[in-house]
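Remember, predicted model here, so these are calculated numbers, not experimental data.
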Amino acid sequence: MGSVSDPRQPAPELVVVDEGGDDAAREVIEQPAKVMRIGSMIKQLLDEVRQSPLDEKARTRLADIYETSVRELAEGLSPDLREELNRMSMPISGDGVPSEAELRVAQAQLVGWLEGLFHGIQATLFAQQVAAQNQLAQMRQRGLPQGEGGGGPDRPGSYL
């Protein structure tokens, strides 16, 4: 039977460390599942908005969803990523109902930032995997020390 995670337990963090810099350059996604869910929702909303015209109520609702999404995303990120998100996300004008174009641009910008974040995570994970494989290959090349008993030129170790 599959195990169900305890909702009281904190979700694991995804830590991305800039290998070229110091330890202060840590980018942490404290709630990766939440960030992925919100990112998927925003992408789906952008696809839907592209396909149909929006009346005033729909644009108002979409602006509210956008603002809530940015706030919720920020909660799942480290301070560095949160600051970057705030710089990169386009604020929806508070005066009146936003236009369809304004909403589309804001959402596309947010989706682009999220895709960049996900690509950065993938690249970091790939680089870490390659480094681990290289380290394993180096360990294999060095080999294990020869056993003490019974090893000679014809028998490389005591178990062979």
Side-chain angles (χ1 to χ4, degrees), residues 1-140:
M1 190 186 321
S3 66
V4 177
S5 62
D6 186 353
R8 295 170 294 190
Q9 295 294 325
E13 294 181 340
L14 178 60
V15 179
V16 179
V17 179
D18 182 6
E19 295 295 331
D22 53 57
D23 287 340
R26 293 173 56 114
E27 295 179 341
V28 178
I29 299 176
E30 296 168 353
Q31 300 173 23
K34 181 178 183 177
V35 171
M36 294 294 288
R37 282 191 311 271
I38 293 171
S40 295
M41 179 198 71
I42 292 168
K43 188 167 176 27
Q44 183 65 38
L45 274 173
L46 182 59
D47 290 343
E48 293 294 325
V49 169
R50 287 182 184 150
Q51 296 176 11
S52 60
L54 300 172
D55 63 9
E56 187 175 319
K57 285 184 180 182
R59 291 192 314 266
T60 301
R61 177 71 180 128
L62 196 55
D64 290 342
I65 291 171
Y66 174 83
E67 295 292 339
T68 301
S69 298
V70 170
R71 252 190 338 271
E72 291 286 328
L73 276 172
E75 289 177 8
L77 303 172
S78 67
D80 290 346
L81 286 174
R82 190 176 308 129
E83 181 181 317
E84 183 178 320
L85 173 63
N86 288 334
R87 278 193 324 267
M88 300 306 284
S89 62
M90 186 173 125
I92 303 292
S93 62
D95 54 337
V97 178
S99 68
E100 284 185 46
E102 184 179 14
L103 288 169
R104 287 183 180 138
V105 168
Q107 282 190 302
Q109 186 178 20
L110 184 57
V111 168
W113 184 84
L114 285 166
E115 286 178 354
L117 178 69
F118 298 149
H119 287 297
I121 291 168
Q122 288 174 333
T124 299
L125 292 174
F126 179 75
Q128 289 172 350
Q129 182 181 17
V130 168
Q133 288 173 347
N134 288 340
Q135 187 177 21
L136 180 61
Q138 289 174 356
M139 289 170 50
R140 286 182 177 160

So with a 6.0 Å cut-off around CD of Gln135, is the heavy-atom count from everything else above 12?
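12 or below, so no.
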
How about NZ on Lys34, more than 12 heavy atoms from neighbouring residues, nucleotides or ligands closer than 6.0 Å, or not?
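Buried by this count: over 12 neighbours within 6.0 Å.
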
Are the side chains of Leu73 and Ile42 in touch, meaning some heavy atoms are under 4.5 Å apart?
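Yes, close enough: below the 4.5 Å cut-off.
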
Arg87 and Glu83 ion-paired at < 4.0 Å
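Salt bridge between Arg87 and Glu83, a charged N being under 4.0 Å from a carboxylate O: yes.
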
Report the distance from atom [atom1] of [X] to atom [atom2] of [Y], rounding to the nearest 0.5 Å.
X: Ser69; Y: Asp64; atom1: OG; atom2: CG; result: 10.5 Å
X: Leu114; Y: Met36; atom1: CG; atom2: CE; result: 9.5 Å
X: Gln129; Y: Thr124; atom1: CD; atom2: OG1; result: 12.5 Å

I need the minimum non-hydrogen distance between Ile65 and Met41, along with the two atoms involved.
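Answer, listing the atom of Ile65 first, then Met41: CG2-CE, 4.1 Å.
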
If you compare all heavy atoms of Ala108 against all heavy atoms of Leu46, which two are closest, and at what distance to 0.1 Å?
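Here Ala108 and Leu46 meet closest at CA-CD2, 3.7 Å.
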
Side chain to side chain contact (heavy atoms under 4.5 Å, CB included) partner of Val97, the single match among Lys57, Arg59, Glu102:
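So the option named by the test is Arg59.
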
Result of checking Arg104, Gln107, Glu48 against Leu62 for side chain to side chain contact (heavy atoms under 4.5 Å, CB included):
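With Leu62 as partner, Arg104, Gln107, Glu48 yield a single side chain to side chain contact (heavy atoms under 4.5 Å, CB included), made by Gln107.
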
Determine, step by step, whether Leu85 and Leu81 satisfy the side-chain contact (heavy atoms from CB on, under 4.5 Å) criterion, reporting the C-alpha distance in whole Å, the side-chain angles of both residues, the deciding distance to 0.1 Å, and the verdict.
CA-CA 6 Å; Leu85 173 63; Leu81 286 174; over 6 Å; no

